[in-house]
Novice: 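One structure follows; several queries about it will come next.
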2 protein chains.
Amino acid sequence: MDTVTIKDIARALNLSTSTVSRALRGSYEINPETKRLVLEYAERLNYRPNPIALSLKGSSSRAIGVIVPQIANYYFSQAINGIEAIAYNRGYHVIIFQTHESYEREVANVQQALARKVDGLLISLSSETSDVEHLRELQERNLPIVQFDRVSNELNTTKVVADNFAGAFAATEHLIKSGRKRIAHLTIPPWISITQERLAGYRAALEQYGLEYDENLVRYGTFGPDEADKLVDELLAQSPRPDAFFTASDRLALGALAALQRRNIAIPQEVSLIGFTNLNVADLLSPSLSTVVQPAQEIGQMAAERLIELIERKQKAAPPSTIVVPSHLAVRESTRVSE
Amino acid sequence: MDTVTIKDIARALNLSTSTVSRALRGSYEINPETKRLVLEYAERLNYRPNPIALSLKGSSSRAIGVIVPQIANYYFSQAINGIEAIAYNRGYHVIIFQTHESYEREVANVQQALARKVDGLLISLSSETSDVEHLRELQERNLPIVQFDRVSNELNTTKVVADNFAGAFAATEHLIKSGRKRIAHLTIPPWISITQERLAGYRAALEQYGLEYDENLVRYGTFGPDEADKLVDELLAQSPRPDAFFTASDRLALGALAALQRRNIAIPQEVSLIGFTNLNVADLLSPSLSTVVQPAQEIGQMAAERLIELIERKQKAAPPSTIVVPSHLAVRESTRVSE
DNA sequence: TTGTAAGCGTTATCAT
DNA sequence: ATGATAACGCTTACAA
């Protein structure tokens, strides 16, 4: 016995497929008795509507597309986790696409998502993306879109982001309060929205505490591996040398930590390190590393919730807004030490 | 101008949909001129076949289902990364399902994957799963299945696994050679295949070097957080106390590391620690932690390759086999130190 | 070589 | 209240 279709039920019960369909979806006026019969039989045969047929029919695919730079990344995998949790108990499925930070692949993925008739799209932009025409097109076709984490303001959609400004502010403030004066900022490519926000938070904190902003103390990395070493070198070459590092990603935090260790620079006696990261294992492993923990999972959840909301009440829903999810500063004892 | 269908092309070129279809898929005898015309026009309009319609038609959905315990896990996210890479350049899409280590959800996911007409299934069993009827059923329907990582021998499919035995053997051997005599093994639930294999490797190494196997030195955790502390306590209570820990998962390795640090037990002067893990950040962060690195990505790739092979030549393909991907022992200087 | 028509599973429209 | 039919986009016998 293969998959049961409406047709099977109709045949068995001597009804038409339309009647069965109506009974199943409770719609329209239908004889309660017939309905009961159908429902019962369907239950017994473990009938499951064919989502493919439903999508083809045009209604809804009960699938949402998620486009992220990469899955093998603690932040995004946590976000996806949050998304999947919400989607799952609202009856949606999640189709995942990776851009690998490539604009070209992002465009291809958007096409594919469209072709697969996803009911909505959750996207975090690739670092290569500056032109967002491919998304605007979708919007014009009325496909609900929610941007999260790496968002573009060129695009008028609901956005869900971490509070990068506040997080960076808190981190920098914490370093200042523990006595640091020359705080280096090791960050990710400048054209990404979150980079700007974090930089702004960093600058605001410096300013508020009367420290001068020195652009020589800021270094931009890419997302590649093993670059922290070089950047740390450049920063340490400054005179006077930095007494603290504030890093903007997992990789940079770990890279900087390793780089400092290799140079036998004691943390936090000589240099403090604080990472904007979500790698909470960092917490576990190193008592030297305070972190601004990013609420990856919450962001995923919120984004999914908003998206499903948009999907389900397609009518003029709430206008696009930006939801800012607070970041949490996790301070380790050791960064508290002031000289 | 919305999505282009075969019908649009047919109408524009004054052909029938079947001709267009044939031209597009190059099949059958068809007038080269017509073919050229169709292809050209299709190209110009950026025609993309509707995968939904294709699936409904029954041929192939060009999607593969991937069922894993959880995404927010370094191992699985890397494996998925490998899978996606292969799938992508073979033109397949990846639909991901999480079981959250629940048997019930695994069954539901399998159903869903089936309903979505995936062309094949890649699965890593939940820790709750012992009964594999839900998968056997799929097999009977001729759906290609490849198991990876957490596999069941009850099921006669191709399997792709890390070399857990050799990895555990190498780790234990390394500890013994660096002078350790009482090596504790902190591992995951006993009924999972990989646990058994690792335990066997551990025992084999002990035996080969004439050390006695002491079951009091073996502790089984779950996948929950924060359990390492308790287990480490139990182990340290042994007399004489263990001089090395060999742990079987990321979480246990990090947990043990933190637990030892909290108790001010010097690594590796007092106790050596070696983890069976794939968390290569551990490498970066702690010079104290040697690891048996699991080839998560390679496993994903191999599994995807095998699956697509099965999908594409459905005829009696190669019989199910088990592919064992080597694990690599990454030794840190500090574990080399012998007292 | 090309066209016609049926069918994949479902729902919406129109009859009855 | 229920049934027949068309339609979603595509492929594939079968005809021509």
Side-chain angles (χ1 to χ4, degrees), chain A residues 1-39 41-42 45-63 91 111-112 114-119 141, chain B residues 1-39 41-42 45-63 91 111-112 114-119 141:
Chain A
M1 173 92 339
D2 252 31
T3 7
V4 189
T5 77
I6 265 190
K7 218 182 267 181
D8 298 325
I9 303 183
R11 202 177 314 117
L13 264 49
N14 243 308
L15 291 170
S16 76
T17 56
S18 10
T19 307
V20 175
S21 170
R22 283 191 286 251
L24 251 20
R25 60 182 16 251
S27 68
Y28 255 70
E29 333 253 22
I30 192 176
N31 188 324
E33 177 59 11
T34 317
K35 185 169 172 179
R36 198 185 53 73
L37 234 57
V38 170
L39 255 36
Y41 191 76
L45 263 63
N46 193 28
Y47 166 80
R48 293 280 172 269
N50 179 334
I52 306 273
L54 288 178
S55 321
L56 181 52
K57 197 65 183 73
S59 51
S60 132
S61 65
R62 291 255 127 192
Q111 300 281 359
Q112 284 291 347
L114 195 65
R116 296 219 170 251
K117 284 239 189 332
V118 295
D119 290 343
R141 296 194 196 190
Chain B
M1 170 94 338
D2 252 30
T3 9
V4 189
T5 78
I6 262 190
K7 216 183 266 182
D8 298 324
I9 303 183
R11 201 176 317 115
L13 264 49
N14 243 309
L15 291 169
S16 77
T17 57
S18 22
T19 308
V20 175
S21 169
R22 285 191 285 252
L24 251 20
R25 57 183 17 252
S27 67
Y28 254 71
E29 332 256 18
I30 193 176
N31 188 324
E33 177 59 12
T34 317
K35 184 168 173 178
R36 198 185 53 71
L37 234 56
V38 171
L39 254 37
Y41 190 76
L45 263 63
N46 193 27
Y47 166 79
R48 293 280 173 268
N50 178 334
I52 306 271
L54 287 178
S55 322
L56 182 54
K57 197 61 184 84
S59 52
S60 132
S61 64
R62 291 255 126 195
Q111 300 281 359
Q112 283 292 347
L114 195 65
R116 296 221 168 250
K117 282 238 189 336
V118 296
D119 290 344
R141 295 193 197 189

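Sequence lines set the chain letters: A, B, ... in the order given, protein chains first and strands last, and positions in each chain run from 1.
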Novice: Side-chain N or O of B:T19 versus OP1/OP2 of C:dT2: is the shortest distance under 4.0 Å?
Specialist: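 Result: no.
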Novice: Are side-chain heavy atoms of B:R22 and B:V38 found at a separation under 4.5 Å?
Specialist: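 No, every pair of side-chain atoms sits at 4.5 Å or beyond.
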Novice: Where do B:R116 and A:I52 come nearest, in terms of heavy atoms and distance?
Specialist: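 Where B:R116 meets A:I52 most closely, the heavy atoms are O-CD1, 3.6 Å.
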Novice: More 5' along DNA chain C: B:N31 or A:A53, using each one's nearest nucleotide?
Specialist: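 It is B:N31 whose nearest nucleotide is closer to the 5' end.
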Novice: Does A:R22 make a side-chain N or O approach to OP1 or OP2 of C:dT11 shorter than 4.0 Å?
Specialist: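 No, outside the criterion.
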Novice: Can you tell me the distance, in whole Å, between the CD1 atom of A:I9 and the P atom of C:dT11?
Specialist: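 Between P of C:dT11 and CD1 of A:I9: 11 Å.
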Novice: Please confirm whether the shortest side-chain N or O distance from A:S18 to OP1 or OP2 of C:dT11 is below 4.0 Å.
Specialist: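 Result: no.
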Novice: Whether the side chain of A:T17 engages the backbone of A:I6 through a donor-acceptor N/O pair (distance < 3.5 Å, no angle test) should be reported.
Specialist: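 Between the backbone of A:I6 and the side chain of A:T17 there is no qualifying donor-acceptor contact (under 3.5 Å).
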Novice: Between D:dT12, C:dT10, C:dC8, which nucleotide gets closest to the side-chain atoms of A:K7?
Specialist: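 Looking only at side-chain atoms, A:K7 lies closest to C:dC8.
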Novice: Across the strands shown, which category fits B:I52 at heavy-atom distances under 4.0 angstrom: base, sugar-phosphate, nothing?
Specialist: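 B:I52: no heavy atom of the nucleic acid under 4.0 Å.
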Novice: Roughly, in whole Å, what's the span from CD1 in A:I6 to C1' in C:dA12?
Specialist: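 One finds 13 Å between C1' of C:dA12 and CD1 of A:I6, rounded.
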Novice: Looking across every strand, which nucleic acid part, if any, lies under 4.0 Å from B:D8 by heavy atom: base, sugar-phosphate, or nothing?
Specialist: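 Nothing, no heavy atom under 4.0 Å.
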Novice: Provide, to the nearest angstrom, the distance between the CG atom belonging to A:N14 and the P atom belonging to D:dT2.
Specialist: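 These atoms are roughly 13 Å apart.
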Novice: Expressed as a whole number of angstroms, how long is the span from B:L54:CG to D:dC8:C1'?
Specialist: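 It works out to 13 Å between those atoms.
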Novice: To the nearest angstrom, how far is B:K117 atom NZ from D:dC10 atom P?
Specialist: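 Result: 18 Å.
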Novice: What is the separation between atom NZ on B:K57 and atom P on C:dA5, rounded to the nearest whole Å?
Specialist: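 Distance check: B:K57 NZ to C:dA5 P gives 16 Å.
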Novice: With sugar-phosphate meaning primed atoms plus P, OP1 and OP2, does B:T5 contact a base, only sugar-phosphate, or nothing at under 4.0 Å between heavy atoms?
Specialist: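 Sugar-phosphate: the residue B:T5, judged by heavy atoms under 4.0 Å, touches backbone atoms but no base.
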Novice: Check whether any side-chain nitrogen or oxygen of A:S16 sits under 4.0 Å from OP1 or OP2 of D:dT2, and answer yes or no.
Specialist: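 No.
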Novice: In whole Å, I'd like the distance from the CG atom of A:L15 to the P atom of D:dA1.
Specialist: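 After rounding, the reported distance stands at 14 Å.
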Novice: Within less than 4.0 Å of OP1 or OP2 of C:dC8, is there a side-chain N or O belonging to A:N50?
Specialist: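 Checking C:dC8 against A:N50, no side-chain N or O comes under 4.0 Å of OP1 or OP2.
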Novice: What pair of heavy atoms forms the shortest contact from A:N31 to A:E33, and how long is it?
Specialist: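 Looking at all heavy atoms of both residues, the shortest contact is OD1-N, 2.7 Å.
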Novice: Given C:dT11, is OP1 or OP2 found less than 4.0 Å from the side-chain N or O atoms of A:T17?
Specialist: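 Checking A:T17 against C:dT11: no side-chain N or O falls below 4.0 Å of OP1 or OP2.
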Novice: Find out whether A:P49 and A:L54 are in side-chain contact, i.e. whether some heavy atom of one side chain is under 4.5 Å from a heavy atom of the other.
Specialist: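 They are in contact (side-chain heavy atoms under 4.5 Å apart), so the answer is yes.
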Novice: For the pair made of CG in B:L37 and P in C:dT2, what is the distance, rounded to whole Å?
Specialist: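 In whole Å, C:dT2 P lies 10 Å from B:L37 CG.
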